[in-house]
Amino acid sequence: IFSLSGRNTKFDRSLFQRLEEAGHDVHMLNTQYRMHPSISDFPRRIFYDGKLQDGPNVKHLEYGNPLKKSILQKFQSFQPFTVLDLESTEERGGTSLSNTNEAQLALHLFNNLRNATEGLSTKSRIAIITPYSQQAALLRRTFANALGNGYERFVEVNTVDAFQGREANIVIFSCVRAAGSKGIGFLSDVRRMNVALTRAKHFLFVIARCSSIVVNPYWRDLVTHAREKDAVIKVPFDRRGQSFSFPDLRTLAASAPKWS
């Protein structure tokens, strides 16, 4: 809730917050069975005070195979958690935002994964999520234009709010914000950040302009964490009019963001 009066009257509290503040006992489920440990590492430290444990299934070496093995062999710079650092611009339409560059990179990533794994990556639908409804609409148009109206057999595009409680083998998260030091608005919502970063089972790709999102301390922590794991990949591109050209993502190497 962004309304100041709404926050002052505590309408920004969740049902669980209300129950906790009313004195009800809180029992935390402390084991997760969804995320590869490389994906759960950051949320565990930042959102769960280190108390969230990985279940034995996600720690098993075969968890995520053959998909995991195929992607890691073909894309040697990719990890289960990877940040794709893209120099981009955000566009405002009404009360929402979009980012054409990020939408095009999401499509390019999808095609690279599908082609390199010979369709293995799309045996279950890849989820592409974003905080902004305008970006979700742009992503749907982008995929429909490139793949036809049947793209939904391979891809589910949705907002973070709509994808809450769901999961996917591969999640691509489009951050959208790219306005320098002016702030990141909706993206700064920590609860939505938690939801977005905990939907993926085997691979989470965050597409962002790192120099923009690090104005927020939580996102700065995320980019720093990814950099320490050699999981930030700078993606160059060439744009001519409405045409975008990206390199084969298998050829890219991890690099430190410019702001460091």
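Note that the numbering runs from 1 along the sequence shown for the chain.
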Subject >> Minimum heavy-atom distance between Gly165 and Arg199, given as atom pair plus value >> reply: N-NH1, 3.3 Å

Original post:
Pairs in or reaching into residues 120-133: which pass salt bridge (charged side-chain N to carboxylate O under 4.0 Å, His left out), with residues at least two apart or in two chains?
Top reply: Arg125-Glu156

**OP:** Determine the sole option in Phe75, Phe78, Phe173 for which the ring-ring contact (aromatic ring centres under 6.0 Å, His included) test with Phe205 is passed.
**Re:** Phe78

Original post:
Strictly under 6.0 Å, is that where the ring centroids of Phe203 and Phe81 end up?
Top reply: no

Subject >> Electrostatic pair Arg34:Glu167 at N-O distance under 4.0 angstrom >> reply: yes

Original post:
Should we say atom CG of Asn149 is surrounded by more than 12 heavy atoms from elsewhere, each under 6.0 Å from it?
Top reply: no

**OP:** Answer yes or no: does atom OH of Tyr218 have more than 12 heavy-atom neighbours from other residues, nucleotides or ligands under 6.0 Å?
**Re:** no

Original post:
Checking side chain to side chain contact (heavy atoms under 4.5 Å, CB included) against Phe110, which of Thr142, Leu105, Val155, Asn115 comes through?
Top reply: Val155

Original post:
Can you hop from Val223 to Ile233 via hydrophobic side chains spaced under 4.5 Å?
Top reply: no

Subject >> Cationic tip of Arg114 above Phe154 ring, under 6.0 Å, 45° of axis >> reply: yes

Original post:
Of Gln135, Arg209, Arg177, which is the lone residue that meets side-chain hydrogen bond (donor to acceptor under 3.5 Å, both in side chains) with Glu90?
Top reply: Arg177

Original post:
Given side chains that start at C-beta, do those of Ser98 and Val176 come closer than 4.5 Å, heavy atoms only?
Top reply: no

Subject >> Members sharing Tyr63's hydrophobic cluster (side chains within less than 4.5 Å) >> reply: Val58

**OP:** Look at atom NZ of Lys74 and say whether more than 12 heavy atoms of other residues, nucleotides or ligands are closer to it than 6.0 Å.
**Re:** yes

